[in-house]
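Everything on this sheet refers to the single structure shown next.
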Amino acid sequence: MSRVVKVFRTLRNHWKKSTFAVCVLSYGGHWLYGKHCDNVLRREACIEARAFGHQLIGPQEHLKKAIVILNPAACNGKANSLFEKNAAPILHLAGVEVKIVKTDYEGQAKKLMELMDQTDMLIIAGGDGTLQEVITGLLRRVDEETFSKIPIGFIPLGSSNSLSQSLHLVSDNKVQHITSATLSILKGETVPLDVLQIKSEKEQPVFALFGLRWGAFRDVASSISKYWYLGPLKTRAAHWFSSLKQWPQSHQASLSYLAPVPRPPDLPTEIPPRPNLLYRIYCRLKNYWNPPIEEPLKEPEPERWESKDISTLELTVSTHNKNPVKRVSTDIIVALHGNVCIINSIEFFITEGHYDLLLFFSCPQEGAGFYDIDNEEYEAMSVEVRLLPRKLRFFCSAEPFEILKG
């Protein structure tokens with residue numbers, strides 16, 4: 001008992017050292033517990049992936065091939081380590097023949113896609129920038145109609161992973177997020193996503209999954225990091241200083257757009273079974289004796305362009321890929337902030353059925369600033385925005401879509 005009293009007396013007499021030791025031990029214990037949980041998640045994911053690797057394949061079948069476009073510079077240079085620890089073992093245990101291609105500089109992924117060979121699946125390991133480069137390079141190919149049918153997997157390794165929130169369950173645990181995204185590739189569940197083609201007169205087209213953003217709020221968002229020294233007040237400070245530099249913060253532009261046209265119907269996900277031989281013979285004889293009457297072709301209606309000058313705080317052209325299951329009335333949204341009259345005049349973009357749209361956006365003023373196209377910065381200029389419905393298919397986790405459908 002005297003030894004216990006002596007220990008407590010020593011701790012009380014050296015309370016500063018005792019407090020420091022308790023803090024260090026608590027932090028160390030929490031860190032070790034987090035590492036243990038991460039290892040448990042990795043082990044469970046590998047066990048699930050091994051079940052795919054144990055599946056038998058026929059003598060005429062070949063192993064699934066996957067090309068991985070990895071950006072080692074993503075997540076402040078940690079992407080390569082994150083991929084090797086959390087994603088690569090899962091792919092190898094599942095029996096996938098993996099070919100890893102690492103990018104060395106910004107924009108290289110676009111060039112690599114021009115040289116890509118045919119594969120069973122394409123995996124993008126990086127952030128929003130890597131994703132947009134790969135999508136743009138893929139759809140710029142001459143044979144993009146063939147290569148756009150390749151299912152695409154996205155492993156979130158970047159600082160910003162906007163698409164991952166649409167495809168997988170959101171998790172604060174980085175390891176769980178990566179392993180869940182990798183397992184969804186093995187399970188094979190896919191969802192079609194729309195693509196925006198953004199084309200200027202000078203440059204090649206850029207392709208986006210979420211949209212284009214231009215205006216005052218975009219400019220402020222890009223300058224928030226400059227006020228890092230203000231801590232939690234940096235966002236308010238960025239808005240305040242931006243208002244002092246320019247007021248009113250209005251942006252003038254000109255919009256020209258075609259009347260909306262109905263989208264083609266969704267293609268069936270499963271191929272219907274082929275009817276039996278007798279039924280096929282009956283249908284052929286019926287068509288031979290009573291051929292169907294062909295309707296005369298209708299002449300295409302002339303294009304009717306509508307133009308409108310706008311003055312607004314911000315212009316956003318976006319798809320519904322952030323929630324690809326619970327899509328509402330339209331598949332492209334043109335939103336203007338700060339001018340209610342203009343919003344009402346283009347209300348059909350938001351309220352009427354499903355459409356494919358073609359939009360011309362012109363910036364008449366000099367020094368119009370910059371666009372954000374899927375969180376990547378581009379110089380603002382006159383562009384043509386076209387919606388490509390259901391252009392690409394991405395692997396996704398089945399759980400969030402079952403919840404939404406239920």
Quick check on H62: does its NE2 atom have over 12 non-hydrogen neighbours (other residues, nucleotides or ligands) under 6.0 Å away?
yes

Please answer whether the main-chain N or O of I373 pairs with a side-chain N or O of Q132 as donor and acceptor at a distance below 3.5 Å.
yes

Give the intermediate values and the outcome of side chain to side chain contact (heavy atoms under 4.5 Å, CB included) for residues V134 and M113.
CA-CA 7 Å; V134 173; M113 297 311 297; 3.8 Å; yes

Is there a donor-acceptor pair under 3.5 Å between the side chain of S243 and the backbone N or O of H239?
yes

Do the side chain of D374 and the main chain of A208 share a donor and acceptor less than 3.5 angstrom apart?
no

Contact between R43 and I47 at the side-chain level, heavy atoms closer than 4.5 Å - yes or no?
yes

Measure the shortest side-chain to side-chain distance between P205 and I198 over non-hydrogen atoms and say whether it is less than 4.5 angstrom.
no

Carboxylate-amine/guanidinium contact E48 K187, below 4.0 Å:
yes

Is there a side chain to side chain contact (heavy atoms under 4.5 Å, CB included) between F370 and S222 once you walk through the steps?
CA-CA 10 Å; F370 294 89; S222 63; over 6 Å; no

Begin from the C-alpha positions of L285 and Y282 and carry the test side chain to side chain contact (heavy atoms under 4.5 Å, CB included) through to its verdict.
CA-CA 5 Å; L285 292 175; Y282 166 76; 5.9 Å; no

Taking the side chain as C-beta and beyond, is there a heavy-atom pair between K110 and R140 under 4.5 Å?
yes

Which atom pair, heavy atoms only, marks the closest approach of N161 to G127?
OD1-CA, 3.6 Å

Any residue meeting side chain to side chain donor-acceptor pair (under 3.5 Å) with R42, in chain and number order, not counting sequence neighbours
N39, N86

For N276, I'd like to know if atom CG has over 12 heavy atoms of other residues, nucleotides or ligands within 6.0 Å.
yes

d(F207 CZ, S148 OG) to nearest 0.5 Å is 10.0 Å

Does the side chain of R280 reach to within under 4.5 Å of the side chain of R274, using non-hydrogen atoms?
yes

Does the side chain of S26 reach to within under 4.5 Å of the side chain of V22, using non-hydrogen atoms?
yes

Quick one: pull up OG in S81 and CD in E84 and give me the separation to the nearest 0.5 Å.
8.0 Å

State which residue, out of I185, L163, L122, fulfils the side chain to side chain contact (heavy atoms under 4.5 Å, CB included) condition with F394.
L163

Over 12 foreign heavy atoms within 6.0 Å of OH, Y279:
no

Using the rule given for side chain to side chain donor-acceptor pair (under 3.5 Å), can you reason through T319 versus D194, listing the C-alpha separation, both sets of side-chain angles and the distance that settles it, and then say yes or no?
CA-CA 7 Å; T319 66; D194 300 335; over 6 Å; no

NZ (K174) with more than 12 external heavy atoms under 6.0 Å
yes

If you look at every heavy atom in T179 and Q176, which pair is closest and at what distance?
OG1-O, 3.1 Å

With rounding to the nearest 0.5 angstrom, report the CD1 to OG1 distance, I69 to T103.
8.0 Å

Regarding S397 and H168, do their side chains bring together a donor and an acceptor under 3.5 Å, going by distance alone?
yes

Gap between atom CG of L157 and atom CG of L131 - 0.5 Å precision
12.0 Å

Check step by step if side chain to side chain contact (heavy atoms under 4.5 Å, CB included) holds for L388 and L196.
CA-CA 6 Å; L388 307 177; L196 287 181; over 6 Å; no

Side-chain heavy atoms of F395 within contact of M121, under 4.5 Å:
yes

Return the orientation label for the Y227 and F241 ring planes: parallel under 30°, perpendicular over 60°, tilted otherwise.
parallel

To the nearest 0.5 angstrom, please state how far the CD1 atom of I224 sits from the OG1 atom of T235.
4.0 Å

Look up atom SG in C75 and atom CG in N80, then write down how far apart they are to the nearest 0.5 Å.
12.0 Å

Salt bridge (Lys or Arg N to Asp or Glu O under 4.0 Å) between D120 and K64, intermediate numbers included:
CA-CA 6 Å; D120 295 320; K64 290 184 178 180; over 6 Å; no

Flag if over 12 foreign heavy atoms under 6.0 Å of OH, Y105:
yes

For A45 and L183, work out which heavy atoms get closest and say how close.
O-CD2, 3.8 Å

Please step through salt bridge (Lys or Arg N to Asp or Glu O under 4.0 Å) for the pair E377 and R213, ending with a clear verdict.
CA-CA 10 Å; E377 192 174 88; R213 186 183 179 194; over 6 Å; no

Any non-hydrogen side-chain atom of L112 less than 4.5 Å from a side-chain atom of V101?
yes

On a heavy-atom basis, which atom in K234 and which in W228 lie closest, and how many Å separate them?
CD-CA, 4.3 Å

With a 4.0 Å cut-off on N to O distance, would you call K99 and E97 a salt bridge?
no

Could you tell me whether K391 and E144 have a side-chain N and a carboxylate O separated by less than 4.0 Å?
yes

Within-4.5 Å side-chain heavy-atom neighbours: L70 and I124
no

Which heavy atom in I90 sits nearest to a heavy atom in C46, and how many Å separate them?
CG1-SG, 4.5 Å

If you compare all heavy atoms of I100 against all heavy atoms of V98, which two are closest, and at what distance to 0.1 Å?
CG1-CG1, 3.7 Å

Taking only Lys NZ, Arg NE, NH1 and NH2, and the carboxylate oxygens of Asp or Glu, determine whether E133 and K111 approach each other closer than 4.0 Å.
no

